[in-house]
Amino acid sequence: ATTRTAVPLIAILFCSKISSAVSSGGTAFDGSSFSQSSTRNNTRNNTSNNRAATTRETTPSRVLYRTMEPSLSEYEACQVSSWYLTFSCAFPERRKGLTFQTRVLDVPKSFREYLEEDGVRLPPNTQPSSCLSCKPAKQVSGDDDDDDYDYDYWSENSSDQEDDENTTPASQLSHDSQFMELTDQMTVAIKDFGGFVIPKLNWSSPKDAKWINEGTLKCQTAGDVFLLLKSSDFVSSDLELLSKQPLPIQLVLRKWANLHESQEFRCFVKDKRLVAVTQRHADQYFEHLPQEKDELLAFLEHFLVESVLERFAAGKVPSYVVDVYVDRKDRCWLVDFNVWGERTDSLLFSWDELHGWGNDKPNEIRVVETEKEVRPHPLNNFRAPVDTAHLASITGGSPESFQVFMDLCQTPGESDGVCANL
């Protein structure tokens, strides 16, 4: 993308004061490797040899399973649109439903083209991202009034765009009635859900891009939604996966809920049996969890047996991962379903042991027992780019100073992307 295209994104970073969010370390997904070293040692004593022989017998099926991509039926079952209606209706315990209010929107072809296009620009006629803590850097007049700010500066139909850039998919969205209708549907959903929503595609939310929205997935406008989706690698991963599956792209908007992170749990269901539970946020230590974990395990197992195991995908998908939330009234809520396998983060477990979990092995819950066991945040590698921290030190974090800095630079290709005047 040229410097012109990149300016709005970088300016947003400074306006949102995200330089403090720069971090390093951690990975997005579990990257543990599978080792067969125990099967290659023939010099151990009889007990060790027996253990190795057992490993040799079980290893081939585990390797085969780990290398298999989840089936189409598994992916389809874990889409929000597939399970939402099942768990949003009334249940015997007289609750309205077991999950949060959700709206699934069908999207036009141009929506995908917009997401896949290089650069970050808001579509025409959408409000600028409501996450901005100050006004855009470009001011039309000297008056300090909202009406004097050129909000089109953030959109594709800005007059600053070169003529040849106006042939991009996003630049034509103002003439796409289906796309504009989608934008209107998003605005209506946000209003119906109390003014705040969390966006996602078929499977993934743009949680790796929270840094650009002041560290949250909370969206107040369609512009917030577009900004998060355009900035997310996880969303790009969904698009890549959908290109290989005969499934339509869906935009999911869920009502915002302020969840306490200590009460979120990830449950692993194998062959319609709960085998493992882990706290959802392994990067934090919650003092009460070690004392309550056994009670929590029994509570979550009861909930899944009574309300989920036979209902999810009509019992046709035996293995999956489900995220749940336990509120202050000891009610359990379904947050999301994920496919069984390495695509889903195993957190305090490893996929090696989960794949090999036998039917005779009792289920288990794991929480961070001490502060020393806290793990790096899995999204640390998806925080604000380090380059923005360096630029912030040069410009003092001021959008105006940054704009002056960018004006001194030539666009890539004119001088190999190097600032010629510095």
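Predicted model only: the values in this text are computed from it and were never measured.
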Check against ring pair (Phe, Tyr, Trp, His ring centres under 6.0 Å), Phe337 and Phe87: CA-CA 12 Å; Phe337 286 87; Phe87 296 104; 5.7 Å; yes
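- A cation-pi arrangement is present between Lys218 and Phe196 under the rule of less than 6.0 angstrom and at most 45 degrees off the ring axis.
- With no hydrogens or angles considered, a side-chain donor-acceptor pair links His288 and Gln263 at under 3.5 Å.
- Listed by chain and residue number, nothing satisfies the salt bridge (charged side-chain N to carboxylate O under 4.0 Å, His left out) test with Lys230 (two or more places apart in sequence, or in another chain).
- For residues 212-232, the pairs satisfying ring pair (Phe, Tyr, Trp, His ring centres under 6.0 Å) are Tyr114-Phe226, Phe179-Phe226, with sequence neighbours left out.
- Scanning for salt bridge (charged side-chain N to carboxylate O under 4.0 Å, His left out) contacts around Arg112 gives Glu116, with sequence neighbours left out.
- Only one option out of Trp340, Phe312, Phe268 pairs with Tyr320 in a ring-ring contact (aromatic ring centres under 6.0 Å, His included); it is Phe312.
- For Glu264, there are no salt bridge (charged side-chain N to carboxylate O under 4.0 Å, His left out) partners two or more places apart in sequence or in a different chain.
- Annotation: the span from Ser319 atom OG to Asp271 atom CG amounts to 4.5 Å, rounded to 0.5 Å.
- Scored by the salt bridge (charged side-chain N to carboxylate O under 4.0 Å, His left out) test, Asp192 finds Arg103 as partners (sequence neighbours excluded).
- No salt bridge links Glu295 with Lys293; every basic N to acidic carboxylate O contact stays at or beyond 4.0 Å.
- Legend: residues meeting side-chain contact (heavy atoms from CB on, under 4.5 Å) with Gln245, ordered by chain and number and at least two apart, are Leu72, Tyr75, Leu241, Leu247.
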